[in-house]
Amino acid sequence: MSDLPMMRAALCERFGDASVVRVAEVPKPVPGDGEVLVRILASTLDSADRRVRALDMPPGFGPMARLAFGFGRPRQPILGTALAGIVEAVGPGTSLFRPGDKVVASTGAAQGCHAEFRVIGERKAIAAKPAALGFEEAAAVIFGGMTARHFLEDKAPVTPGETVLVIGAGGAVGVAAMQLAREAGAKVSACCSAGKANWVQSQGAESVIDYRAPGWPDAYHGAFDLVIDTVGAMPAAQSVRLARPGGRLVALTASLWDFMAMPWLNARSGRSVIGGMVPDNAEGLARVMARAETGRLRPAIGARFPLERIGEAHALIDGGHKTGSIVISMG
């Protein structure tokens, strides 16, 4: 084992709180047929990483999460779904990338980005890094950008003049949703903690609703054309009432029961209720990078940590104090 090339990686070898994550040396991967080896310069720690590490899933999805991610311990001990870096080597039959290319990638449920190197198939979700962005900035727009772009452009397109409410607006997905909605010409309201009001206003929100305000949902029934709940703040049957008749609810972190009830809510509420998974593919990632290149999506970095301090980053996200993206630097 000592003769193998090694790399540093953050390992999560059991489910639990931030203390279960440690940095250690593991064998460096080798690219196979049609694969590229990326030297990672920046990654992010996102809500998806916390959910896997803590095995904290929306209600009803626990058994399926264990099938996907592991029973007694994580099947993939290296978390992280986004990377920005430089292609170091390519495997046989590779034609789209070559050593020295600056790239970004999204690995989705396969994870593995909280490390110095990651192998990825050249036809997976990998794309050229925008020249206008540094590696940290490029990594910061991947997770939130891919989610927000898919729903706000493909599933529930925003049109000029619409009113949009983003619940959980302080996180990476919420920030990207606000930016894209504002760029599309919508009037954007944000629902978050009062302490994040200045932050979300700097990202495009015209008004801010404190989610701790007593009975706040009742005062906004039918007030919005589009409601985007990024955190599963309330059951879909309740949050759908924030949309006007004929409006839409995008439920990104819904319980199993909410997903099962969506056809019924669509039929009975007079609104469209939209959920589902975000495709992890090169086309979607390239579209996000194109929007970042032109400034329609802007990096919103709330904190930066070197890999050695990734445990502190996990503690920050556990405490609910994260804003925007948490960047993990491998330098």
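All residue numbers in this chain count up from 1 along the given sequence.
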Once you round to the nearest 0.5 Å, how far does [atom1] of [X] lie from [atom2] of [Y]?
{"X": "M234", "Y": "W216", "atom1": "CE", "atom2": "CH2", "result": "4.0 Å"}
{"X": "C191", "Y": "F224", "atom1": "SG", "atom2": "CZ", "result": "8.5 Å"}
{"X": "T107", "Y": "R118", "atom1": "OG1", "atom2": "CZ", "result": "5.0 Å"}

>> Between R304 and E312, does any NZ, NE, NH1 or NH2 come within less than 4.0 Å of an OD or OE carboxylate oxygen?
In response: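 Salt bridge flag = no for R304 with E312.
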
> Should the pair R22-E13 be classified as a salt bridge under the 4.0 Å nitrogen-to-oxygen rule?
Replying inline: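 Here R22 pairs with E13 in a salt bridge, since their nearest N and O are under 4.0 Å apart.
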
> Got a sec: does the CZ of R75 have more than 12 other heavy atoms crowding it under 6.0 Å?
Replying inline: yes

>> More than 12 heavy atoms of other residues, nucleotides or ligands under 6.0 Å from CG of D17: yes or no?
In response: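 Enclosed.
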
When you group the ILVMFWY residues by side-chain heavy-atom contacts below 4.5 Å and let the links chain together, are [Y] and [X] in the same group?
{"X": "I78", "Y": "V104", "value": "no"}
{"X": "M6", "Y": "L307", "value": "no"}
{"X": "M330", "Y": "I120", "value": "yes"}
{"X": "I317", "Y": "I310", "value": "yes"}

> Tell me the side chain to side chain donor-acceptor pair (under 3.5 Å) pairs involving residues 154-183, sequence neighbours left out?
Replying inline: R149-D154, D154-R287, T159-E162, E162-R248, T163-D225, Q179-Q203

>> For residues 40-51, which residue pairs pass the side chain to side chain donor-acceptor pair (under 3.5 Å) check, not counting sequence neighbours?
In response: T44-D46, R50-D56

> Considering residues at least two apart in sequence or located in another chain, which fulfil the side chain to side chain donor-acceptor pair (under 3.5 Å) criterion with S207?
Replying inline: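 If we apply the side chain to side chain donor-acceptor pair (under 3.5 Å) test to S207, skipping adjacent residues, the hits are S189.
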
> For N266, which residues count as a side chain to side chain donor-acceptor pair (under 3.5 Å) partner, sequence neighbours excluded?
Replying inline: none

Which ILVMFWY residues are connected to [X], directly or by a chain of links, through side-chain heavy atoms under 4.5 Å apart?
{"X": "V327", "result": "I301"}
{"X": "L133", "result": "none"}
{"X": "I86", "result": "L41, F135"}
{"X": "F71", "result": "L67"}

Side chain to side chain, [X] and [Y], heavy atoms closer than 4.5 Å:
{"X": "I142", "Y": "M289", "result": "yes"}
{"X": "L252", "Y": "F151", "result": "yes"}
{"X": "V208", "Y": "K196", "result": "no"}

>> Holding to side-chain contact (heavy atoms from CB on, under 4.5 Å), I want the full list of residues that pass it with V231, two or more places apart in sequence or in another chain.
In response: I167, D229, A233

> What residues, two or more places apart in sequence or in another chain, satisfy side-chain contact (heavy atoms from CB on, under 4.5 Å) together with R14?
Replying inline: V20

Identify all side-chain donor-acceptor contacts of residues 271-284 below 3.5 Å with residues at least two apart in sequence or on another chain.
from: R271; atom 1: NE; to: A243; atom 2: O; distance (Å): 2.8
from: R271; atom 1: NE; to: R244; atom 2: O; distance (Å): 3.4
from: R271; atom 1: NH1; to: S269; atom 2: O; distance (Å): 2.8
from: R271; atom 1: NH2; to: A243; atom 2: O; distance (Å): 2.9
from: D280; atom 1: OD1; to: S106; atom 2: OG; distance (Å): 2.7
from: D280; atom 1: OD2; to: G108; atom 2: N; distance (Å): 3.0
from: N281; atom 1: OD1; to: E283; atom 2: N; distance (Å): 3.4
from: N281; atom 1: OD1; to: G284; atom 2: N; distance (Å): 2.7

> For residues 238-282, which residue pairs qualify under ring-ring contact (aromatic ring centres under 6.0 Å, His included), counting only residues two or more places apart or in two chains?
Replying inline: F61-F259

